[in-house]
Visitor: 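Pasting a structure below so you can have a look.
Here is how names work: the chains are called A, B, and so on, in the same order as the sequence lines, proteins then strands, and each is numbered from 1.
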Amino acid sequence: MEYNFREVEKKWQHYWAEKKTFKAENKSDKPKYYVLDMFPYPSGAGLHVGHPLGYIASDIFARYKRLKGFNVLHPMGYDSFGLPAEQYAIQTGQHPEITTKTNIARYREQLDKIGFSFDWDREVRTSNPDYYKWTQWIFIQLFNSWYNPKTNKAENIATLIPTLKNFSSLSEKEQSDLLLEYRLAYLSDTIVNWCPQLGTVLANEEVKEGVSERGGYPVERKLMKQWSLRITAYADRLLTDLEGIDWTDSIKEAQRNWIGKSEGTSLKFKIQESDDTIEVFTTRPDTIFGVSFVTLAPEHELVEKITTAEQKKTVEEYVTFAKNRSERDRMSDVKKITGVFTGGYVMHPFTRKQIPIWIGDYVLAGYGTGAVMAVPGHDTRDYAFAKHFGLDIIEVVAGGDLSKESYDAKEGKLIHSDFLNGLDVKDAIKKAIAVIEEKGLGKGKTNFRLRDAIFGRQRYWGEPIPVYYENGIPKVLNENELPLLLPDVDKYLPTETGEPPLARASNWKYKGQFEYEYSTMPGWAGSSWYFLRYMDAHNENAFASKEAINYWQNVDLYIGGAEHSTGHLLYVRFWTKFLNDLGLVPFIEPAKKLINQGMIQGVSEKIFVDEHKHNSFMIPDYYNLPHSTEGYRVCYSSSFVSENIKKENIGDPKYVTLENLYEINIPIEFTDKSNLNIDEFLKSSQGRDFKEHDTIFRTDGGCFLNGVYYGDETKKDFYTKPEVEKMSKSKWNVVTPDLIVEQYGADCLRLYEMFLGPLEQSKPWSTSGISGVSNFMRKMWRLYHKEDMFTVSMEVPSKEELKTLHKTIKKIVHDIENFSFNTSVSNFMICVNELTEQKCNKREILEPLAIIIAPYAPHLAEELWFKLGHAESITYAQFPLHNEEYLVDDAFAYPVSFNGKTRFKMELPLTLGVKEIENAAMDSEEVKKFLEGKAPKKIIVVHNKIINIVV
RNA sequence: GCGAGUAUGGGGGAAUUGGUAGACCCAGCGGACUUAAAAUCCGCCGCUCAAUGCGUAUCGGUUCGACUCCGAUUACUCGCACCA
């Protein structure tokens with residue numbers, strides 16, 4: 001009886017669902033283990049084979065931990081608020097909730113087919129009111145908190161008020177405005193990334209290269225009143241706590257860069273003929289005597305004030321120009337230097353010389369103070385600006401050649417610098433800070449690149465922010481009024497006056513009279529705390545009970561894609577620290593260990609198309625085709641264009657240069673090993689575009705026209721060109737897990753995805769190798785069967801059989817614990833090959849084998865377990881321990897090498913000592929032969945490893 | 001520009017962390033069984049001028065011994081990018 005995966009897999013999936021095999025208990029004597037996958041966004045495209053890669057790895061680990069006696073929490077849910085469903089709603093008018101539900105149902109169906117051991121009773125969806133109620137609740141806690149720099153943690157805003165002078169004498173509005181400057185969730189005028197096409201603001205990490213991450217639309221800078229979260233208060237802790245967690249270096253490094261800590265000093269420059277000062281931030285206070293101008297960001301608040309009458313027009317024009325430039329434009333011509341002189345001057349704090357004030361958009365308004373002291377001699381950007389506008393360049397650190405470029409290195413002795421002369425840069429920095437502080441000109445300061453997170457989105461499909469406005473004062477709802485439900489609207493678009501879609505909701509007012517906040521929360525709000533909700537998913541009185549949180553603690557193993565390194569992973573760490581400050585969770589980090597699975601790319605198949613119909617006139621003559629007055633569109637087999645045209649082929653109508661062509665992707669199902677099935681392709685919706693009557697398909701030996709082939713029958717194949725790209729619907733290169741499960745089964749998919757290579761590495765998907773895994777599974781099945789009958793013997797296993805089993809157990813444990821899943825699949829193959837060779841069908845071997853493979857191929861393992869006579873699922877069996885005794889050899893085949901090059905092997909008993917081995921080697925005929933009578937210089941013997949003879 | 005990562009046969013990849021390079025799988029080649037095919041089984045499979053030759057992106061170093069450690073270089077991938 002061959003292994004029938006269809007029947008077996010269906011049977012056990014039903015069994016698991018019915019018996020709730022993977023239900024995790026919140027109370028248990030067992031040690032706990034929390035395995036979490038990153039939240040999927042249920043997109044309309046469904047899962048492709050790349051998505052389950054991480055889920056399979058985490059599932060193997062979860063199942064392994066159960067077999068090792070742990071109480072395992074392994075949940076799954078959906079990050080179901082977000083832009084794509086809303087964009088779809090705008091196009092179709094369908095409520096995003098419906099789209100979302102449909103998509104989730106499809107995801108669930110796909111996930112269920114793969115045999116994951118999720119505890120589905122704990123499923124969460126961020127767009128469900130009983131979930132987002134608690135997202136709103138956390139927002140309220142953020143609003144009610146401030147960051148106390150003395151205790152270095154968040155506290156209730158009530159502890160702040162006594163420290164504020166004259167607070168009680170302020171008006172209610174003034175009090176509110178003042179407190180907003182401290183609250184961790186606050187409303188302020190901020191320069192935001194505004195995306196007109198999406199009609200919303202975006203957070204910094206949602207903008208890539210000046211365009212929106214989703215959709216790729218241009219982004220502008222705009223001043224807007226916005227809700228933000230004060231993540232910057234946690235910058236230092238987010239940085240230092242990275243040291244305590246087992247995350248990959250690349251993620252940690254990305255977070256460090258994103259936080260961007262830099263230590264320096266603030267320094268005030270007095271503006272001439274004014275009481276105002278310009279404050280700058282610098283990391284190089286040692287170069288203070290090299291300052292030859294000061295540059296302000298175009299948005300700087302003092303710009304208007306210091307601009308002289310003569311310069312007013314120029315400055316205004318420049319500021320307008322700078323503001324209207326999109327981020328993309330600004331970034332794409334970084335090399336283009338722009339700026340204007342304001343006409344104003346500041347006074348140098350030490351030399352008292354007058355220093356011109358310029359405006360330049362190389363200075364960022366959001367970083368530091370939005371103003372820099374320009375030291376062109378020792379800063380590349382200042383140097384470029386000074387060169388461009390003919391400003392002074394002063395050398396204050398010896399060692400460079402300032403006629404060519406600035407000297408930025410922090411090495412060398414100070415010159416032309418008064419009290420700093422002769423000092424090394426490092427000492428000069430210390431001394432400069434000391435003097436600056438002493439004179440009250442500024443003080444040592446740490447700056448972070450990290451900005452506060454913009455929290456409002458002018459969109460519909462997100463959590464409503466639980467705020468209403470009373471006389472222009474923002475107030476949060478009472479906790480017992482949550483959730484604030486997302487109201488229905490007639491259209492998912494902004495109002496005519498440009499207000500967000502929520503402003504369309506009719507009669508949507510707090511207590512019937514006060515306006516609610518119309519923006520909603522960003523996509524990352526719900527995902528910033530979801531790992532906590534899984535612990536106690538149905539709790540109506542708290543986001544999770546104290547007991548549940550204390551039992552499960554933080555995530556032990558978190559698996560997900562690297563694309564979340566600076567977004568989600570930073571926010572979830574921030575919220576965890578905040579909740580920890582409030583005493584709501586007993587840990588400071590959400591996940592102890594994090595693994596990023598690599599991306600699985602798709603292999604696209606491309607054809608080359610020539611739309612210039614006049615180019616095709618020569619071809620009909622060449623192959624005696626019917627003529628067309630208009631000419632033909634021509635599609636070329638890849639062999640014509642993959643190489644450069646050889647000299648002898650120039651002028652031959654068979655050959656074309658790439659310049660005249662464009663490439664299109666062909667749905668991969670119409671190709672077989674890059675060989676296009678033209679008939680099938682033309683029948684498809686995409687191919688119908690290539691109407692037969694005006695398209696020629698050029699093969700190596702001729703061409704197809706109207707389904708008729710002209711030319712050399714032996715060279716009829718039309719080849720497409722394979723290319724590795726991101727797997728995506730639009731590239732027609734998607735392979736779904738459903739297809740693989742249908743053809744080979746879920747266990748085979750699981751094993752094969754792991755077998756592809758190291759989990760963390762990116763690799764292109766290729767279905768071709770899957771037959772090897774499929775064969776392996778059948779071979780394993782046959783171990784337990786004789787002439788189609790399930791047969792295992794009670795005989796005592798041989799020494800070899802025990803060695804094979806125990807060697808495998810040892811390796812599998814090592815591999816799983818090091819997340820080296822690809823090598824464990826190889827080891828299973830080796831094990832089954834050896835047992836087959838040994839004709840082993842002994843229960844004492846085959847029973848443990850079923851257990852150790854259960855995490856990888858759970859359906860197969862369950863079925864074998866059942867046939868072995870067990871009534872209960874294999875899930876909670878006991879993972880076997882390996883016994884070293886069975887692994888001990890009594891002899892070892894020593895490789896004998898000369899000068900490090902292995903020549904032959906010599907089998908010697910392991911009981912021999914180093915000296916005895918050396919003697920045995922020297923006595924051997926073969927060694928003598930290689931030595932050719934010469935005496936060896938040295939012999940190195942490493943016990944159980946190698947013999948190396950130096951000649 | 002800065003940072004991180006990767007580089008091993010025709011392909012995916014392995015190598016117990018300095019000790020037999022290429023495990024395992026795919027593809028390929030040859031054979032057995034079969035009327036035939038599928039399935040299954042057996043053998044070969046880094047390169048070459050065939051030897052005590054060469055070979056882990058390239059060049060150099062340390063070592064009895066280097067895919068592994070050190071220095072430099074190249075290519076590709078991914079982040080970040082005027083952060084003062």
Visitor: What is the distance from CG of A/Leu783 to P of B/U40, rounded to the nearest Å?
Guide: 14 Å
Visitor: Under 4.0 Å between a side-chain N/O of A/Asn775 and OP1 or OP2 of B/U40, yes or no?
Guide: yes
Visitor: What nucleotide among B/A27, B/C25, B/A84 has an atom nearest to a side-chain atom of A/Ser771?
Guide: B/A27
Visitor: Write down the distance between CG (A/Leu242) and P (B/G3), rounded to a whole number of angstrom.
Guide: 19 Å
Visitor: Would the number of heavy atoms belonging to other residues, nucleotides or ligands and lying under 6.0 Å from CD of A/Glu243 be above 12?
Guide: no
Visitor: Using whole Å, what does the distance between atom C1' of nucleotide B/G79 and atom NE2 of A/His564 come to?
Guide: 14 Å
Visitor: On a whole-Å scale, what distance lies between the P atoms belonging to B/A57 and B/A50?
Guide: 28 Å
Visitor: Counting any heavy atom closer than 4.0 Å, what does A/Arg782 reach on the DNA or RNA strands: base, sugar-phosphate only, or nothing?
Guide: sugar-phosphate
Visitor: Could you please name the option among B/C25, B/A84, B/C41 that lies closest to any side-chain atom of A/Met829?
Guide: B/C25
Visitor: In whole Å, I'd like the distance from the CD1 atom of A/Ile949 to the P atom of B/U63.
Guide: 21 Å
Visitor: Taking the minimum atom-to-atom distance to the side chain of A/Thr283, which one of B/A84, B/C25, B/G3 wins?
Guide: B/A84
Visitor: Once you round it to whole Å, what is the distance between C1' of B/A84 and NE2 of A/His300?
Guide: 13 Å
Visitor: Determine the contact category for A/Asn447: base if any of its heavy atoms lies under 4.0 Å from a base atom, sugar-phosphate if only primed atoms, P, OP1 or OP2 are that close, otherwise nothing.
Guide: nothing
Visitor: Need the pair for B/U56. Rule: Watson-Crick or G-U wobble, both distances under 3.5 Å, any strand; none if unpaired.
Guide: none
Visitor: So which nucleotide does B/A37 pair with, by the Watson-Crick or G-U wobble rule with both distances under 3.5 Å?
Guide: none
Visitor: Would you indicate what A/Val363 reaches in the nucleic acid, counting non-hydrogen atoms under 4.0 angstrom: base, sugar-phosphate, or nothing?
Guide: base
Visitor: Contact class for A/Asp382 (heavy atom, under 4.0 Å): base, sugar-phosphate, or nothing?
Guide: nothing
Visitor: Among A/Val375, A/Ile394, A/Val396, whose side-chain contact (heavy atoms from CB on, under 4.5 Å) with A/Phe289 holds?
Guide: A/Val396
Visitor: If we take the C1' atom in both B/U56 and B/U8, what is their distance in whole Å?
Guide: 4 Å
Visitor: With RNA chain B as reference, determine whether A/Ser768 or A/Met599 sits nearer its 5' end, using the nearest nucleotide of each.
Guide: A/Ser768
Visitor: Any side-chain N or O of A/Arg778 less than 4.0 Å from the OP1 or OP2 oxygen of B/U40?
Guide: yes
Visitor: Parallel, tilted or perpendicular: which fits the ring planes of A/His568 and A/His564, with parallel below 30° and perpendicular above 60°?
Guide: perpendicular
Visitor: Using purine N1 to pyrimidine N3 plus N6-O4 or O6-N4 for Watson-Crick, or N1-O2 and O6-N3 for G-U wobble, each under 3.5 Å, what pairs with B/A23?
Guide: none
Visitor: Keeping A/Lys387 on the side-chain end and A/Ile393 on the backbone end, is there a donor-acceptor pair under 3.5 Å?
Guide: no
Visitor: Say we look at B/G13 and B/A7: how far apart would their P atoms be, to the nearest angstrom?
Guide: 10 Å
Visitor: At 4.0 Å (heavy atoms only), tell me whether A/Arg903 reaches a base, stays on the sugar-phosphate, or touches nothing.
Guide: sugar-phosphate
Visitor: In the structure shown, which nucleotide is the Watson-Crick or G-U wobble counterpart of B/G79, with both distances under 3.5 Å?
Guide: B/C2
Visitor: What does nucleotides 7-23 of chain B look like as a protein-contact string, B for base, S for sugar-phosphate only, - for none, at under 4.0 angstrom between heavy atoms?
Guide: -----BSS----BBS-B
Visitor: Have a look at A/Thr380 and say if it touches a base, only the backbone sugar-phosphate, or nothing, with a 4.0 Å heavy-atom cut-off.
Guide: nothing
Visitor: Can you tell me, in whole Å, how much space there is between the P of B/C41 and that of B/C24?
Guide: 15 Å
Visitor: Check this one for me: any side-chain N or O of A/Arg449 less than 4.0 Å away from OP1 or OP2 of B/A84?
Guide: no
Visitor: Using the P atom on both, measure B/C76 against B/A15 and round to a whole Å.
Guide: 28 Å
Visitor: Could you state the atom-to-atom distance from CD of A/Glu563 to P of B/G5 in whole Å?
Guide: 19 Å
Visitor: What is the distance from CD of A/Gln597 to C1' of B/U77, rounded to the nearest Å?
Guide: 17 Å
Visitor: Scan every strand shown for a Watson-Crick or G-U wobble partner of B/U48, both distances under 3.5 Å, and answer none if you come up empty.
Guide: none
Visitor: Between B/C64 atom P and A/Glu918 atom CD, what is the distance in whole Å?
Guide: 16 Å
Visitor: With rounding to whole Å, what would you report as the distance between B/G61 and B/G12 at their P atoms?
Guide: 31 Å
Visitor: Salt-bridged, A/Lys261 to A/Asp236, with N to O below 4.0 Å?
Guide: yes
Visitor: Which value, in whole Å, describes the distance between the P atoms of nucleotides B/U48 and B/A37?
Guide: 32 Å
Visitor: Could you tell me whether B/G43 is syn or anti, where syn means a glycosidic angle within 90 degrees of zero?
Guide: anti
Visitor: For the pair A/Lys426 and A/Glu411, find out whether any cationic side-chain nitrogen is under 4.0 Å from an anionic carboxylate oxygen.
Guide: no
Visitor: Of A/Lys938 and A/Ser565, whose closest RNA chain B nucleotide lies nearer the 5' terminus?
Guide: A/Lys938
Visitor: Could you please spell out the steps behind the ring-ring contact (aromatic ring centres under 6.0 Å, His included) verdict for A/Phe828 and A/Tyr856?
Guide: CA-CA 10 Å; A/Phe828 284 127; A/Tyr856 293 81; 5.1 Å; yes
Visitor: For B/U17, is chi within 90° of 0 (syn) or not (anti)?
Guide: syn
Visitor: With rounding to whole Å, what would you report as the distance between B/G43 and B/U68 at their C1' atoms?
Guide: 34 Å
Visitor: Go ahead and name the base partner of B/G43; Watson-Crick or wobble counts if both distances stay under 3.5 Å, otherwise write none.
Guide: B/C29
Visitor: Which distance, rounded to the nearest 0.5 Å, do you find between the CD1 of A/Ile357 and the CG of A/Leu302?
Guide: 8.5 Å
Visitor: Give the C-alpha distance, both sets of side-chain angles, the deciding distance and a yes or no for side-chain contact (heavy atoms from CB on, under 4.5 Å) between A/Met906 and A/Ser924.
Guide: CA-CA 9 Å; A/Met906 222 171 116; A/Ser924 87; 4.1 Å; yes
Visitor: Distance-only, no hydrogens or angles: does the A/His943 side chain make a donor-acceptor pair with backbone N or O of A/Leu910 under 3.5 Å?
Guide: yes
Visitor: Test A/Ser604 against A/Asn733 for side chain to side chain donor-acceptor pair (under 3.5 Å), laying out the working first.
Guide: CA-CA 5 Å; A/Ser604 309; A/Asn733 62 357; 3.0 Å; yes
